[in-house]
Structure formats: C-alpha cells, structure tokens
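Comments concern the structure below.
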Amino acid sequence: MPASPLHAPVLDWYDHHARDLPWRRPEATPWGVLVSELMLQQTPVARVLPVWQAWLERWPSPAALAAEPAGEAVRAWGRLGYPRRALRLHAAATAVRDQHGGQVPSDYATLLALPGVGDYTAAAVASFAYGRRHAVLDTNVRRVLARLVGGVEWPAQAVTRAERDRAEALLPDEPATAATWAVAVMELGALVCTARDPRCEACPVADRCVWLASGRPAYDGPPRRGQAWDGTDRQCRGRLMAVLREAPGSVGQAQLDAAWPDAAQRERCLASLIADGLVVRSDDRFALP
DNA sequence: CAGACGTGGCC
DNA sequence: TGGCCAAGTCT
C-alpha cells in the first residue's frame, strides 16, 4: 500500500528514540538476531541482555553451539525461563549447520521450519536480519494496532485474520522501509503504547489514534486469561531444573526430592522433563542432556 | 484451539 | 500483596 500518514511520524520517532540494543546494531549477525528472538519470547529485554552477550561470545555461530551438548545450552540459558527454548535453539543451530550450510536462512518459510521458530520469530528474523518485507505481529505491535487503528485497548487473544490484514495493509512498500517500520512499531509499543499506563502524550501518532480519540475506553471483551503459578507443574519443573542447572554434574534422587515436597507431582514433573529432553537419567542419577 | 510452559519485576 | 505482564511456540 502507498505511504500511510502513520509511517513518517513513527519512523521519525524511532530514529530519535530507539533503544540501542546489541542485536539491532549493524555488526549483529543473523545468528545474533535469531538468538535474541528466541530469548525474548515472553522474556523482558533487561533479563535477556547479559545472557545474550555471554551466549554470542561463547557461541558466535550456529555451528559453535551445535558442536556442544544441548545441556550446555540449557545451563547457559540460566534463569531466562521456559528452558525448552534453549533446547529448541540448540536444535535450530544443529539444523542450520546440517541443512543450511551454517547460515541462518533468510526466507520466512525456511525459518518457520526451524525448531522454536513460529510465525512471529520467522517474520522477525526475515525482517530484522535480512530486511525482508513481513508483517511482524508480536504482542507490542498487536497492542499498538488495536489501539491506533482498531480503537480498542487490547487485541484478541489470538491473532485474527482482520488483524493480519490490517498489519499487512500498513506495511510500507519498500522492503527496507517495511523492516524499519516493523521494529519501529514494536518499539513504540514497548516504550510508549505500553500495556499499563500508556504514555499517549509522548506518542508520535496520538493525533491519529482511534482509541485516544474516543477517550481511551476501558477494555470491554472476554476476560483475559492470567497465568496460574503457585503449586503448578511449571513451578515444580522450575525447581527441579534449578537444581540440575546449579549442579556441576549429575544429581541424585535425594537432591531432587528436596526441591519439591509433593512426591507424586515431583515424579510427574521429572518424567515430563525427561520426556521433553531437558533431563536425562542414567541409573539413579539425573543430569542435563 | 485452549492450555501448558519459567521467571522475576512492578504497582 | 498479589495479579499482571514480558519480542511466543507447541500440541
């Protein structure tokens, strides 16, 4: 679509206010971008920063990571959360080495086939690392467009066809500009059009925002699902993984038993961790893969 | 497709 | 203080 009146203000705002994040620098490699995207899935930038730096120093290429056991990736993942992502990143690195000549793919469909890479990440890597033209629909972009164009405070639970159409219609024609637009809208959502307490006074397109124009009406939709935590298997798995991460080698049953009081739940979670490939058992010892 | 999946900071 | 939220993916 031809230039939208939204483009120039947002691109100009990004030019002046974008954070200086290492994976956005010119020297960042596609591998660095891919690593950042996996780490940033459901995890705040501030927590990713130090882990990303150490990761890229230790494994500057997919082949470097693929050369080590997956457990090393899980350990280096630290406390970022959702450690299956570490396993998937290791598997993605292996696939890149074995199937793509060691180069992170540049096209959406090939990226999408990598472990841990879904619609968002495939579009993000194609766009940010290679300047391809894609609608990049993350939680920030979805929130910005819901407000700016849709006039509602929150987007639907899952990406709708209308949302995707809207995002694609807004994409600048020129691939390089579209790529900057994608990261700019995302940054706008992260810094200005935030989930809580949006700073509309600092928004470069406040004068065109449907939600603001209608007086920022409160959310009026189905209840947004929270994330249960206390006493859940996720918490139990987290405890068990913490024990294994912090141990130099393998651990015995007693060390795992000490991590969670409910024996039945503990056994179920340990079994699920083994099924996920996050834990391996040899005789009566447990360790990272 | 709704639910599972970690972790910690913030108001 | 506890619910909410953070660059989602997978099944």
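The basis for the numbers below is simple: all heavy atoms, side chains too, and nothing from hydrogens, waters or symmetry mates. The model shown is predicted, which means the values in this text are computed figures rather than measured ones. Just so we're on the same page: letters track the sequence lines, and every chain starts at 1.
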### Task
Test A:R24 against A:E187 for side-chain contact (heavy atoms from CB on, under 4.5 Å), laying out the working first.
CA-CA 12 Å; A:R24 285 183 186 158; A:E187 190 76 337; 2.6 Å; yes

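Residues A:D276 and A:R79 each lie close to DNA chain B; by heavy-atom proximity, the contact nearer the 5' end of the strand is made by A:D276.
Heavy atoms of A:L38 sit nowhere under 4.0 angstrom from any nucleic acid atom.
Across C:dA7 and B:dG3, the matching P atoms stand 23 Å from one another, rounded to whole Å. The separation of C:dT9 from B:dG9, taken at their C1' atoms, amounts to 24 Å, rounded to a whole angstrom. Here the separation of C:dT1 from B:dG8, taken at their C1' atoms, is 15 Å to the nearest Å. Distance check on atom C1': C:dA6 versus B:dC1 gives 23 Å, rounded to whole Å. Taking atom P in both C:dG2 and B:dC5, the straight-line distance is 23 Å, to the nearest Å.
Atom CZ of A:R239 is separated from atom P of B:dG8 by 11 Å (rounded to the nearest Å). Regarding A:L240, its CG atom lies at a distance of 11 Å from the P atom of B:dG6, rounded to whole Å. For the pair A:W229 CH2 and B:dC10 P, the interatomic distance rounds to 18 Å; values are reported in whole Å. Protein atom CZ of A:R85 is 10 Å distant from nucleotide atom C1' of B:dC5, rounded to whole Å. For the pair A:D230 CG and C:dT1 C1', the interatomic distance rounds to 13 Å; values are reported in whole Å. The CD atom of A:Q235 sits 9 Å away from the P atom of B:dT7 (whole-angstrom rounding). Here B:dC5 presents its P atom at 12 Å from CG of A:L278, a figure rounded to the nearest Å. Rounded to whole Å, the distance from CG on A:D197 to C1' on C:dG3 is 17 Å.
Just one of A:L6, A:L148, A:V10 meets the side chain to side chain contact (heavy atoms under 4.5 Å, CB included) condition when paired with A:L170; it is A:L6.
Defined by atom type and a distance below 3.5 Å, a donor-acceptor pair is present between the side-chain atoms of A:E68 and A:W59.
Of the charged side-chain nitrogens involved, none lies within less than 4.0 Å of a carboxylate oxygen, so that A:E37 and A:R85 do not count as a salt-bridged pair.
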### Query
When you check every protein heavy atom under 4.0 Å of nucleotides 5-11 of chain C, what one-letter string (B, S, -) results, 5' to 3'?
BBBBSS-

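In this structure, A:R199 has no side-chain hydrogen bond (donor to acceptor under 3.5 Å, both in side chains) partners at least two apart in sequence or on a different chain.
In this structure a side-chain-to-backbone donor-acceptor pair under 3.5 Å is missing from A:R147 to A:R216. Remark: the backbone N or O of A:P217 is paired with a side-chain donor or acceptor of A:W211 at under 3.5 angstrom.
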